[in-house]
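Each residue takes its place number in the sequence, starting with 1.
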Amino acid sequence: QLHIVESGGGLAQPGGSLRLSCTASGFTLEIYAIGWFRQAPGKEREGVACISTTGDRNYRTSVNGRFSISRDNAKNTVYLQMNSLKPEDTAIYYCASCGARELPKDYWGQGTQVTVSS
């Protein structure tokens with residue numbers, strides 16, 4: 001099997017934190033730029049963060065300063081540390097390629113639900 005699994009989502013209160021993981025099985029993530037994306041109910045999908053093969057990072061403005069993307073090549077995993085969570089962060093989060101080298105769509109995971117509510 002060649003696939004990605006997203007995990008780490010759950011319920012958090014406003015101001016809380018979650019750490020998401022994106023782990024690949026059957027192939028190596030190291031050669032791909034990997035990003036986190038999200039889709040909230042009734043809204044379009046949007047990019048959240050992207051990390052290149054060399055560690056360069058990009059964030060959408062609304063999460064800049066609150067979220068941090070990182071990667072551990074030895075663990076074949078990309079993380080998204082989410083701090084100072086807001087209700088508008090509620091969405092299903094998933095990971096995929098965000099650079100020139102594309103991951104086949106068949107590799108994509110089911111995502112992980114993040115809910116921010118008091």
Side-chain angles (χ1 to χ4, degrees):
Q1 291 186 355
L2 304 175
H3 65 277
I4 283 172
V5 175
E6 298 100 339
S7 62
L11 177 64
Q13 296 187 25
S17 298
L18 290 170
R19 189 192 195 197
L20 309 184
S21 297
C22 170
T23 300
S25 296
F27 68 98
T28 299
L29 282 181
E30 184 175 3
I31 64 172
Y32 299 91
I34 297 295
W36 285 94
F37 304 79
R38 67 188 182 188
Q39 186 168 22
K43 297 187 65 177
E44 64 191 13
R45 291 180 297 159
E46 61 183 21
V48 177
C50 177
I51 185 166
S52 75
T53 58
T54 57
D56 296 324
R57 298 164 171 87
N58 292 305
Y59 302 94
R60 75 178 301 107
T61 301
S62 62
V63 309
N64 193 40
R66 300 188 297 119
F67 292 6
S68 179
I69 189 169
S70 62
R71 64 195 310 162
D72 186 337
N73 291 333
K75 294 180 170 59
N76 210 21
T77 298
V78 175
Y79 303 99
L80 184 68
Q81 179 67 47
M82 309 167 67
N83 299 323
S84 302
L85 284 164
K86 303 176 180 180
E88 52 262 45
D89 296 319
T90 296
I92 299 175
Y93 285 71
Y94 58 97
C95 59
S97 55
C98 56
R101 180 174 273 107
E102 297 181 351
L103 281 169
K105 190 174 182 179
D106 289 346
Y107 291 15
W108 297 2
Q110 292 90 344
T112 184
Q113 176 72 49
V114 170
T115 302
V116 184
S117 176
S118 60

*Candidates Asn73, Ile34, Leu20 - the one meeting side-chain contact (heavy atoms from CB on, under 4.5 Å) with Val78*: Ile34

*Please answer: with hydrophobic residues joined when any side-chain heavy atoms are less than 4.5 Å apart, are Met82 and Tyr79 in the same cluster?*
no

*Check whether any side-chain N or O of Arg66 sits under 3.5 Å from a backbone N or O of Ser62 as a donor-acceptor pair, and report yes or no.*
yes

*Any side-chain heavy atom of Asp89 within less than 4.5 Å of one from Phe67?*
yes

*Does any non-hydrogen side-chain atom of Leu18 lie less than 4.5 Å from one of Leu85?*
yes

_Regarding Thr54 and Ser52, do their side chains bring together a donor and an acceptor under 3.5 Å, going by distance alone?_
yes

*Same cluster or not: are Phe37 and Val48 linked, directly or through other Ile, Leu, Val, Met, Phe, Trp or Tyr residues, by side-chain heavy atoms under 4.5 angstrom apart?*
no

*Row check, Tyr94 ring normal vs Arg38 NZ/CZ: under 6.0 Å, within 45°*: no

*Any luck finding a side-chain donor-acceptor pair between Asp72 and Thr77 under 3.5 Å?*
no

_Is it the case that the side chain of Arg71 and the backbone of Leu29 share a donor-acceptor pair, with hydrogens and angles ignored and the cut-off at 3.5 Å?_
yes

*Quick one: do Val116 and Tyr59 end up in the same hydrophobic cluster if we chain Ile, Leu, Val, Met, Phe, Trp and Tyr together by side-chain heavy atoms under 4.5 Å apart?*
yes

_Tell me if the centroids of the rings in Tyr107 and Phe27 come within less than 6.0 Å of each other._
yes

